[in-house]
Amino acid sequence: MQTNQNKSLLFTKLAFEQAKINLGSTGTNPSVGCVVEKNGSVISSGFTSLNGRPHAEYNALNKNLNFKRSNIFISLEPCSHFGKTKPCTNIIKKKGIKKVSFSIFDIDKRSKKLAKKVLRKKNIIVKSGLLSKYAKIFYKDYFLGRKKKFPLIDAKIAVSKDYYTKNKKNDNITNIHSIKRVHLLRSKYNCIISTSKTINEDNSKLDCRIQGITNKSPDLVIIDRNFKLKKKIDFLKIKNRKVIIFTSKKDKSKELYFKKKNVKVTFLKKMSSNEDYTKIFKILNKYGYSRIFVETGLVFLNFLISNKFLNNLYIFKTNISLGSKGFNYGSSKFLKKIKLKKKINVNLFNNSLYKIDLK
């Protein structure tokens, strides 16, 4: 028989599963999930809407149901301040909720540690701290953005068994199952970074082409120091997403061409040092990009790893050696040094996926 503690953990886990649905698609607001339980059963649930509003609590409680004496489990402290919407604590009080449990406190100064005070005035029981360690990892991008004005930066790379990232036959290193997994990963970020070299060579659209998440293709940022990006490129066919090029070279013809394609061209004096890219990432954070996914070759990836920009690295690895068919543009020594311990439990049919925590 489950204890009350075990039940609370279960419903909190379900709240985080709700929060995962729009992770990376809620703008500057955190992606929150909540579950409403009554008499041991889930009677409603909600998650933060696309672009951040309405909030999860509103989506769960704004229904024609009897919520009186029910319990609500939330992945993050509910907001208590008036912003572009009313406080979530208002609808919680209005619906007659008996108990509110949330994982960790919000970092927003307007609401931090206020929910308990506000809700207890209405004799609502308030508990916090369930799955707090998990929550700190889940909301790392939100905390980085608020505290350091810097985004969470993850990356992925595909390698053969003998650590080649390119195939001379121009075939993909990994299989279709891994490729689809990359599309799913992209949907959890609001910005993809690549380089002009990678895009020119692969001509990838860098979007989400899985049914149900095609509307979650992240905006695209291209690192193009010498403005070598080709004009005829497939990513320009993707509608309703922003594209930004960072370059240090003036080319009026190309600039005019890409601006006509609604691409923003940003000029920087230098694009080589740690300080230069720190500036770029801070600019992107100001633009509202809190979760960045890097898809590039080994040269830029090695630069990001050696300068400690990456938070996590996803490594897709095949069980096939390429031998003379394989090659690399950059050194694979950083990858070979990484101990592949944390394997993600997903069936990719002869491919493996590892998530490496680099910070």
Side-chain angles (χ1 to χ4, degrees), residues 1-23 26-50 52-140 142-143 146:
M1 187 174 180
Q2 281 191 327
T3 64
N4 288 334
Q5 178 72 5
N6 288 339
K7 287 180 180 179
S8 295
L9 284 171
L10 172 62
F11 293 125
T12 304
K13 287 178 181 178
L14 291 176
F16 275 105
E17 290 303 310
Q18 289 289 299
K20 289 178 183 178
I21 293 173
N22 273 344
L23 183 64
T26 57
T28 56
N29 284 344
S31 184
V32 178
C34 81
V35 167
V36 186
E37 172 267 330
K38 190 173 183 178
N39 299 324
S41 298
V42 174
I43 61 170
S44 185
S45 63
F47 49 87
T48 308
S49 298
L50 292 175
R53 296 179 185 84
H55 291 180
E57 298 90 330
Y58 179 87
N59 288 333
L61 296 173
N62 189 36
K63 298 175 183 178
N64 188 22
L65 295 172
N66 181 6
F67 290 107
K68 289 184 178 180
R69 306 296 296 167
S70 61
N71 303 311
I72 188 169
F73 296 85
I74 315 169
S75 57
L76 184 69
E77 178 184 13
C79 65
S80 304
H81 67 278
F82 282 87
K84 292 183 179 180
T85 58
K86 294 180 181 179
C88 289
T89 49
N90 278 19
I91 194 169
I92 292 173
K93 291 186 292 183
K94 182 180 177 181
K95 294 292 183 174
I97 303 298
K98 178 179 73 174
K99 181 180 177 181
V100 174
S101 297
F102 59 87
S103 190
I104 54 175
F105 292 105
D106 194 351
I107 198 171
D108 191 326
K109 293 179 180 178
R110 297 171 296 176
S111 282
K112 186 178 181 181
K113 297 186 178 181
L114 289 180
K116 284 187 177 182
K117 182 178 180 181
V118 170
L119 295 173
R120 283 174 175 172
K121 284 183 179 180
K122 290 291 182 179
N123 296 317
I124 298 172
I125 300 168
V126 183
K127 299 289 183 181
S128 63
L130 287 174
L131 299 180
S132 59
K133 288 184 179 179
Y134 177 81
K136 288 175 182 177
I137 296 171
F138 188 88
Y139 288 113
K140 192 169 185 177
Y142 180 53
F143 293 156
R146 293 282 178 165

Let me see the working for S111 and H81 under side-chain hydrogen bond (donor to acceptor under 3.5 Å, both in side chains), right down to the final yes or no.
CA-CA 6 Å; S111 282; H81 67 278; 2.6 Å; yes
Would you give me the side-chain donor-acceptor pairs under 3.5 Å for residues 115-132, sequence neighbours excluded?
unit_1, atom_1, unit_2, atom_2, d
K116, NZ, S128, OG, 3.1
R120, NH2, V126, O, 3.2

Atom pair CD1 (I43) and CG (L61), whose distance is rounded to the nearest 0.5 Å:
8.5 Å
K113 charged N/C atom sitting above F105 aromatic ring, 6.0 Å / 45°
yes
Tell me whether the count of non-hydrogen atoms from other residues, nucleotides or ligands lying under 6.0 Å of NZ in K93 goes above 12.
yes
Member of V36, L10, L14 meeting the side chain to side chain contact (heavy atoms under 4.5 Å, CB included) criterion with V42
L14
Taking only residues two or more places apart in sequence, or in another chain, which ones meet S8 in a side-chain hydrogen bond (donor to acceptor under 3.5 Å, both in side chains)?
none
Can you tell me how far CG of N71 sits from NZ of K38, rounded to the nearest 0.5 angstrom?
10.0 Å
For G52, is there any backbone N or O sitting under 3.5 Å from a side-chain donor or acceptor partner on N29?
yes
Calculate, to the nearest 0.5 Å, the distance between atoms OG and NZ belonging to S70 and K99 respectively.
12.5 Å
Parallel, tilted or perpendicular: which describes the rings of Y139 and F16, with under 30° parallel and over 60° perpendicular?
tilted
Sub-3.5 Å donor-acceptor pair from the side chain of S44 to the main-chain atoms of A60, do we have one?
yes
Indicate yes or no for a side-chain donor-acceptor contact from S49 to the backbone of P54 under 3.5 Å, with no hydrogens or angles considered.
yes
May I ask you to check whether over 12 heavy atoms, not counting those of K136, lie within 6.0 Å of atom NZ?
no
Just how far is it from atom OG1 of T26 to atom CD1 of I21, taken to the nearest 0.5 Å?
12.5 Å
Test side chain to side chain contact (heavy atoms under 4.5 Å, CB included) applied to F138 and L23, step by step
CA-CA 9 Å; F138 188 88; L23 183 64; 4.1 Å; yes
Rounded distance [0.5 Å steps], CD in Q18 versus CD1 in I74
12.5 Å
Just so I know, are the side chains of T85 and Y58 near enough to count as touching, which here means a heavy-atom distance under 4.5 Å?
no
Distance check, rounded to the nearest 0.5 Å: C34 atom SG versus I92 atom CD1?
7.5 Å
For the side chain of N59 and the backbone of F47, is there at least one donor-acceptor N/O pair under 3.5 Å apart?
yes
Using atom types as modelled and distance alone, determine if a side-chain donor or acceptor of K140 lies under 3.5 Å from a backbone N or O of A135.
no
Do side-chain atoms of E17 reach the backbone of G33 as a donor and acceptor pair under 3.5 angstrom?
no
Donor-acceptor under 3.5 Å (N22 side chain, T48 main chain)
yes
